[in-house]
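Please read the structure below before turning to the comments.
Predicted, not measured: the structure shown is a model, and the values here were computed from it. Lettering of chains follows the sequences in order, A, B, ..., and the numbering in each one begins at 1.
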Amino acid sequence: MADKTATRESYGKALAELGDKYENLVVLDADLAAATKTGIFKKAHPDRFFDCGIAENNMIGVAAGLALSGKIPFASSFAMFAAGRSYEQVRNSVGYPHLNVKIGATHGGITVGEDGATHQCCEDFALMRVIPGMTVICPADDIEARGAVEAAIKYNGPVYMRFGRMAVPNVHTADYKFEIGKGVLLRDGADVTIIANGVEVSEALAAAEMLSGEGIDAAVVNMATIKPLDGELVLKMAKKSGAIVTAEEHSVIGGLGSAVAEYLGETYPTPVYKVGVKDVFGRSGPAKELLSLFGLDAKAIYEKAKEAAERKR
Amino acid sequence: MEEKKLSCLTETARNVRVGIIDAVYSASSGHPGGSLSVADILTYLYFEEMNIDPAKPDDPERDRFVLSKGHTSPALYSVLAHRGYFPVEDLKTFRKSDSYLQGHPDLKKTPGVDMTTGSLGQGVSAACGMALAAKLDKSPRRVYAVMGDGESEEGQVWEAAMFAAHYKLDNLCFVLDWNGLQIDGPIEEVMNPTPYREKFEAFGWNVTDADAHSFESLEAAFNTARACKGRPTVIIARSVKGKGVSFMENQVSWHGAAPNEEQYKTAIAELNA
């Protein structure tokens, strides 16, 4: 397996590098700089890093005020607190006035691991996606995470980005250019399409390999942008394969799976099977083990995709 | 304060109050009590204190104002209209479905509104961000936020208070409109947020008192804020909810109720007397 990197690490490094290029970049954190990796930015640009202490709600408001004064603020915390605790601040002080605030949320999903359910946010896509005008991104690997940070800087408007704690392999090559709102077909196939994001992309690729061994030709799409959804690509793959499996480290309610199903329901009704956290809270344990325990590993995707392909017949 | 300046501000504030009553009456909804209690504070800020130009509402070097107690938007709209940001006549469109004057301030819709507010406790944080940005830019621009006394029950207010003192935002000035009443009753009975002075002092703020209905007192307080270095300032402004309309004064029932036609006529007659 290739070298692995946690996307939170990519996030911190990208901020530090881009800080040279974008002088209006300002980074806020809520006493988690060592974990969110914004500490890397702090070291490189101490004059543009502000710790807000354990006070996420104020941090989001401060970000709003900075954005209204021409800065490009990245407000960072764990997904649970950025999207969860501060939901209403994001909704009313950032989303409603459509301010140029970037929310860099790390430790999304159950691969937070040992910290357990209180820190395993599996609802952030749903919470952020429902805010009008909010862009929601969950990159799959180091290359995409870095690209997504710069894309968010160049885009004028609110962006929620989720990064992970667990190290993941690269699924893209160095020449890959991330674009907001564009999915990527990583592997073509005609029997079933797996649409995944975040840590689930590499799991989906492994699942496709397993399916191929049984004569099932599975396509894999990396859908890093949950909103706005790349409807064109979803539609194309639905028409081509006739069955969709979504895979995300998020509740099966309200996330990528819901976005895909909502879209296809109104454009080209197609069976959509969801791999995700099944309306339950997480628990403590090693990240890798939790992926299996909660039915989010390659095997779970393989089984779901096989069922989808077989039901088609 | 010069006699001429004082009479000019007094006359402006009277017009601002008429605008508040007009707006709330036309909408048959809104928050007259708290709007009337902040009317003099906002008048002083927009006609004396702040470096602003109604012709350039987006000037990056303007001073900033955040009405953290966003429900008193009629006061802000009336001041903005009388200051020349938009026609006074438009106050009568307040809260109507085709109006740019939303129930709570909306920076995307109304010229002169620097921050969208309405959800209590949030505006003060945005004001902190604006003040921090001015520091980063090494700009002399100042940031003002008016918050309610009941609003101080929101924990976020104290997160913001910690932040502003920690980063020594001496370009930031909060005005606490202490009218003593919130929706469910007197603030001390609902959830006592006092003492204010001691709380803000403990958070590292420069604290000064003012009579919210005396321009001389407000002038002295804002001068104190300007002169203070290294710390943010809060002006604890004792006010009367419903100030200027006798039957609304100190009545909690006028927090969020519109006058009927008879009450409207009485109110306008009193203000014009």
With a 4.5 angstrom heavy-atom cut-off, could you sort out which part of A/Glu88 is near chain B: side chain, backbone, both or neither? both
Would a line drawn from the ring center of B/Tyr196 to the ring center of B/Phe200 be shorter than 6.0 Å? no
Most contacts with chain A, counted as non-hydrogen pairs under 4.5 angstrom, among B/Leu136, B/Val66, B/Leu107: B/Leu136
Structural part of A/Asp47 lying under 4.5 Å from a heavy atom of chain B: backbone
Which of B/Lys135, B/Lys229, B/Arg231 passes salt bridge (Lys or Arg N to Asp or Glu O under 4.0 Å) with B/Asp170? It is B/Lys135
When the ring planes of B/Phe174 and B/Trp205 are compared, do they come out parallel, tilted or perpendicular, using 30° and 60° as the limits? tilted
Most chain A-contacting option - heavy-atom pairs closer than 4.5 Å, from B/Arg64, B/Gln122, B/Lys109, B/Gln156: B/Gln122
Tell me, yes or no, whether the heavy-atom count around B/Glu201 atom CD, taken from other residues, nucleotides or ligands under 6.0 Å, exceeds 12. yes
Checking B/Ala160 against chain A: side chain, backbone, both or neither under 4.5 Å from a heavy atom? both
Counting only heavy atoms not in B/Lys108, do more than 12 sit closer than 6.0 Å to its NZ atom? yes
Do you know which of B/Ala127, B/Cys128, B/Gly118, B/Ser119 has the most heavy-atom pairs with chain A at a distance under 4.5 angstrom? B/Ser119
